[in-house]
Amino acid sequence: MWQRVIGGLSGAMSVGTGAYGAHGLKGKEEAYIKVYETGSRYQLVHSAILAATPAICGNSSRAGKVASACFATGIALFSGSCYAVALSEDRSVGKLAPVGGFALIGGWLSLAILRR
C-alpha cells in the first residue's frame, strides 16, 4: 500500500509548503504567490485521494493502480512545476504543469470509468 505512505508524506509536505507560502513568499509578485498556492492546494487534495485510493478501489484493482499512478505523477509534475515557477519567478520552468494536470484528470477518470 505505497499509496498510503506516499499520500501521507505528500499531504504533510503540502501543509509545510502552504505554511511557507503564507509566510515566506512576502515580497513576491501576487501572481507568483497565487501559482504557489494553487500548487499547494492541488497537492493536498490529490494527496488525500491518493492515500484513499486503495480503500476506494481495493488493493489490486486496475482502477486503483492506474488512478494511483496518475495521481502520484500528477502531484509531482503539476505541483512541482507550480512551486518551481513561483520560487524562481520564471514561467518557463513550468512546462510540465500541463502534463501533470492531465495526469491528475486521468486519475479521476480512472476512478470513474475503470472497473476492477
Side-chain angles (χ1 to χ4, degrees):
M1 289 220 268
W2 64 270
Q3 298 94 328
R4 206 170 78 201
V5 173
I6 299 299
L9 291 173
S10 179
M13 180 183 165
S14 71
V15 172
T17 60
Y20 178 77
H23 303 287
L25 295 179
K26 293 188 191 248
K28 291 216 182 252
E29 288 183 37
E30 185 65 28
Y32 291 115
I33 293 172
K34 287 183 179 184
V35 168
Y36 190 93
E37 289 172 347
T38 298
S40 183
R41 184 174 47 256
Y42 274 57
Q43 183 178 1
L44 181 61
V45 168
H46 290 92
S47 296
I49 192 66
L50 175 61
T53 298
I56 295 167
C57 298
N59 289 332
S60 60
S61 71
R62 185 176 82 185
K65 289 177 183 177
V66 172
S68 296
C70 287
F71 288 138
T73 301
I75 290 166
L77 295 179
F78 181 80
S79 294
S81 291
C82 289
Y83 298 143
V85 166
L87 294 173
S88 69
E89 295 186 19
D90 180 5
R91 291 197 179 271
S92 70
V93 300
K95 292 180 180 176
L96 291 177
V99 177
F102 279 116
L104 295 173
I105 292 167
W108 287 106
L109 291 175
S110 298
L111 291 179
I113 295 169
L114 294 179
R115 305 273 186 243
R116 297 184 186 240

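The structure displayed is predicted, hence computed values, not measured ones. All values below were derived from every heavy atom in this structure, side-chain atoms included, with hydrogens, water molecules and symmetry-related copies excluded.
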Calculate, to the nearest 0.5 Å, the distance between atoms NZ and OG1 belonging to Lys65 and Thr53 respectively. 13.5 Å

Interatomic distance, CD1@Ile49 vs CD1@Ile75, rounded to 0.5 Å, equals 10.0 Å

CG (Leu111) and SG (Cys57) are apart, to the nearest 0.5 Å, by 5.0 Å

Can you name the nearest heavy-atom pair linking Ser81 to Ala97, along with the distance? OG-N, 3.3 Å

Residues two or more places apart in sequence or in another chain: which of them pass side-chain hydrogen bond (donor to acceptor under 3.5 Å, both in side chains) with Thr73? none

Suppose we screen for ring pair (Phe, Tyr, Trp, His ring centres under 6.0 Å). Which residues come up paired with Tyr42, at least two apart in sequence or across chains? His46, Phe78

Check: Gln3/Ser68 side-chain N/O donor and acceptor closer than 3.5 Å: yes

So Arg4 and Pro54, do their side chains get closer than 4.5 Å, heavy atoms only? no

Closest non-hydrogen contact found for Pro98 with Gly94 is CD-O, 3.9 Å

Applying side-chain hydrogen bond (donor to acceptor under 3.5 Å, both in side chains), can you list everything that pairs with Ser79, at least two apart in sequence or on another chain? none

Here the pair of heavy atoms bringing Val66 nearest to Ser110 is CG1-OG, 3.1 Å

Co-membership, hydrophobic cluster, residues Val93 and Val35, 4.5 Å side-chain: yes

Beyond-backbone contact of Leu104 with Leu77, side-chain heavy atoms, under 4.5 angstrom: no

Give a yes or no on whether Tyr20 and Ile33 share a hydrophobic cluster (residues Ile, Leu, Val, Met, Phe, Trp, Tyr; joining criterion: side-chain heavy atoms under 4.5 Å apart). yes

For Phe102, look at atom CZ and say whether over 12 heavy atoms of other residues, nucleotides or ligands are found less than 6.0 Å away. no

Residue pairs meeting salt bridge (Lys or Arg N to Asp or Glu O under 4.0 Å), one or both in residues 86-110, sequence neighbours left out, come to Lys28-Glu89

Pairs under 3.5 angstrom only: tabulate donor-acceptor contacts from the side chains of residues 11-19 to other protein residues two or more places apart or in another chain.
| residue | atom | partner | partner atom | Å |
| --- | --- | --- | --- | --- |
| Ser14 | OG | Gly11 | O | 2.7 |
| Thr17 | OG1 | Met13 | O | 3.4 |
| Thr17 | OG1 | Ser14 | O | 2.9 |
| Thr17 | OG1 | Ser40 | OG | 3.2 |
| Thr17 | OG1 | Tyr83 | OH | 3.1 |

For Met1, the hydrophobic cluster (side chain heavy atoms closer than 4.5 Å, chained through members) also holds none

Close side-chain approach of Trp108 to Ile113, heavy-atom, < 4.5 Å: no

Nearest heavy-atom neighbours spanning Gly39 and Cys82: CA-CB, 3.7 Å

